[in-house]
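Have a look at the structure below before the remarks.
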Amino acid sequence: MLDLAADHLTYRHDKRSPAAAFDDVSVLVAKSTYTAVAGASGCGATTLLALLAGALRPDGGTIRIGARDVTGDRAARRPVLYVTATPDVPDRWSVQHALVAAVRQRSIDREDRHHEYEMAVTKWRVGTLLERRLGSLSGSERTFVHLARIELLKPAILIADRLLEHLGAAELPEAADELHRTLRVLGTTVISAPAASLETGFADRLIVLDRGRIIQEGAPSEIYRHPASEAAARATGEINVVPVTVRAGQVESPIGAWNLGQPPFEGSGVALARPEDFAIAAPGEESDLILGIEEASFHGGRWHIRGLLSGNLTLRVSLPPTASVHKGRLLPLRYDPTAFQLLSRPEEPPVTTIPTGTIPLMRDSR
């Protein structure tokens with residue numbers, strides 16, 4: 001299999017504007033590994049994938065696949081499969097037609113083609129859809145057909161932009177797990193913009209983008225516990241962003257106050273707290289916070305709770321299934337502030353207003 005590298009990429013959406021969507025961005029995707037690219041909406045992940053796939057042409061820099069410079073090559077001449085959430089086949093085709101056309105693109109004998117076709121149909125549970133046209137399928141049905149086609153194509157390099165975004169919360173975890181196990185067996189080099197943060201857990205490496213810049217990269221587990229920014233924290237899962245003020249080692253916040261021996265900054269900032277950083281106080285134990293339950297749902301073997309604090313701060317907490325949870329209940333919570341990530345945030349300048357008593361009356365100009 002092949003690795004994929006981009007060196008000092010520069011790209012402008014508007015060629016007449018000096019503002020660059022990307023400016024001096026370098027990426028290396030090692031062969032047979034999975035690299036996820038994530039960030040807030042508009043971070044540039046889709047643009048980066050389109051540049052690597054050849055759907056867009058960079059204004060500067062180089063793109064290499066293996067030892068070959070493909071910067072000037074069209075997408076069709078690059079040994080990559082570039083996919084989005086919508087299969088790149090006509091809606092009038094039947095599912096069977098789409099899958100047979102995929103497996104016929106590979107140079108294998110008829111018996112092997114038939115065997116792989118049957119395996120993909122069974123694995124992705126599309127046997128009941130074979131006679132239907134793609135245009136008549138639901139979003140999730142089209143996604144499973146898409147996944148079957150990808151397996152049949154067996155790409156050396158897969159560039160995927162939000163491939164699983166049409167799957168529901170119940171279908172997504174199993175489909176993501178099956179897809180990435182399959183790609184690892186094939187030895188495919190994968191670079192993907194995940195549709196959900198859950199998918200980053202399958203990646204060997206995560207690249208976090210913010211407005212066309214790489215702000216953090218590394219193992220997803222490391223970025224999860226030590227995010228360098230709010231964007232990095234959100235890329236790896238749900239996060240509470242709690243405003244704080246740090247003065248002489250004392251931290252003040254809407255969820256309480258605590259002391260730090262050597263704070264990372266003085267002044268205004270935020271504390272990044274994961275939902276699982278909170279726990280219910282034991283009977284007789286002093287609580288750090290009282291949270292009123294506004295909403296609660298149970299999935300993934302845990303309670304996921306939302307409450308509203310002073311200053312319209314929404315706090316999200318994840319609790320074990322043994323917790324007694326119902327709307328309106330007051331929960332005494334404990335937390336360990338050393339688990340929070342503190343980040344400095346410049347204070348916004350005060351908004352100057354003119355007292356209404358000093359505004360002269362408007363004269364009649366008629």
Output for pair (I65 CD1, R77 CZ), nearest 0.5 Å, gives 12.0 Å

Discussion item. If you define the side chain from C-beta out and look only at heavy atoms, does anything of L4 sit under 4.5 Å from I159?
Written reply: yes

One should read off an interatomic distance between R92 CZ and S136 OG, to the nearest 0.5 angstrom, of 14.5 Å

Distance col, row C43:SG vs I207:CD1, nearest 0.5 angstrom, shows 11.0 Å

Contacts of R132 meeting salt bridge (Lys or Arg N to Asp or Glu O under 4.0 Å) (sequence neighbours excluded), chain-then-number -> E141

### Task
Give the cluster check for L272 versus I223: same hydrophobic cluster or not, with ILVMFWY residues linked at side-chain heavy-atom distances below 4.5 Å.
no

One should read off an interatomic distance between L164 CG and S140 OG, to the nearest 0.5 angstrom, of 11.5 Å

| query | Salt bridge or not for D210 and R234, using N-O below 4.0 Å? | reply | no

When rounded to the nearest 0.5 Å, the distance separating OG1 of T35 from CG of L52 is 10.5 Å

I want to know whether H226 and Y224 have ring centres closer than 6.0 Å. no

Examine distances only and state if a side-chain atom of Q341 and a backbone atom of A228 form a donor-acceptor pair shorter than 3.5 Å.
no

* To do: Output, in order, the C-alpha distance, side-chain angles, deciding distance and verdict of side chain to side chain contact (heavy atoms under 4.5 Å, CB included) for D88 and V83.
  => CA-CA 8 Å; D88 187 21; V83 296; over 6 Å; no

Is there a path from L289 to V270 through hydrophobic residues (I, L, V, M, F, W, Y) whose side chains come within less than 4.5 Å of each other?
no

Worksheet item: Does a side-chain heavy-atom distance below 4.5 Å link F202 with P220?
Response: no

Run the numbers on T188 and L81 for side chain to side chain contact (heavy atoms under 4.5 Å, CB included), then give the verdict.
CA-CA 10 Å; T188 301; L81 177 62; over 6 Å; no

* Asked: Taking side chain as C-beta onward, heavy atoms only, is P173 less than 4.5 Å from L198?
  -> yes

Any side-chain heavy-atom pair from V242 and P254 closer than 4.5 angstrom? yes

With the threshold set at 4.0 Å, does a side-chain nitrogen-carboxylate oxygen contact exist between R225 and D277? yes

**Prompt:** For the hydrophobic clusters of this structure (ILVMFWY residues joined by side-chain heavy atoms under 4.5 Å, transitively), does one cluster hold both Y11 and L49?
**Reply:** yes

Worked check of side chain to side chain contact (heavy atoms under 4.5 Å, CB included) between L179 and W124
CA-CA 10 Å; L179 171 64; W124 299 108; 4.2 Å; yes

From the list K123, K154, R149, salt bridge (Lys or Arg N to Asp or Glu O under 4.0 Å) partner of E116 resolves to K154

With a 3.5 Å distance limit and no angle check, can you tell me whether R64 reaches the backbone of V70 through a side-chain donor-acceptor pair?
no

*Please work out which of the three classes, parallel, tilted or perpendicular, describes the rings of F278 and F340, given edges at 30° and 60°.*
tilted

Please tell me whether L313 and V241 are part of a single hydrophobic cluster in this structure, the criterion being side-chain heavy atoms less than 4.5 Å apart. no

Heavy-atom nearest pair, H8 first then D24, reads ND1-OD1, 2.5 Å

Apply side-chain hydrogen bond (donor to acceptor under 3.5 Å, both in side chains) to residues T46 and D161 and explain how you reach the verdict. CA-CA 6 Å; T46 293; D161 187 10; 3.0 Å; yes

So side chain to side chain donor-acceptor pair (under 3.5 Å) across residues 289-305, not counting sequence neighbours, yields R302-S318

(message) If we ignore hydrogens and angles and just use 3.5 Å, is the side chain of D3 paired with the main-chain N or O of G66 as donor and acceptor?
(response) yes

- Message: A quick test of your reading: do over 12 heavy atoms of other residues, nucleotides or ligands sit less than 6.0 Å from CD of E111?
- Response: no

V95 vs V121 side-chain heavy atoms within contact, under 4.5 Å: no

CG of L331 to CG of L291, rounded to nearest 0.5 Å, is 6.0 Å

Notebook entry, point to check: Does CZ in R104 sit with more than 12 non-hydrogen atoms of other residues, nucleotides or ligands closer than 6.0 Å?
Noted result: no

Next on the checklist: Is the terminal nitrogen or CZ of R184 (NZ for Lys, CZ for Arg) located under 6.0 angstrom from the six-membered ring centre of Y34 and within 45° of that ring's axis?
Outcome noted: no

Would you check if N240 and T314 make a side-chain contact, meaning some heavy-atom pair closer than 4.5 Å?
no

On a heavy-atom basis, the closest approach of I150 and P155 is O-CD, 3.4 Å

message: Starting from V208, can I reach I239 by hopping between I/L/V/M/F/W/Y residues whose side chains sit under 4.5 Å apart?
response: no

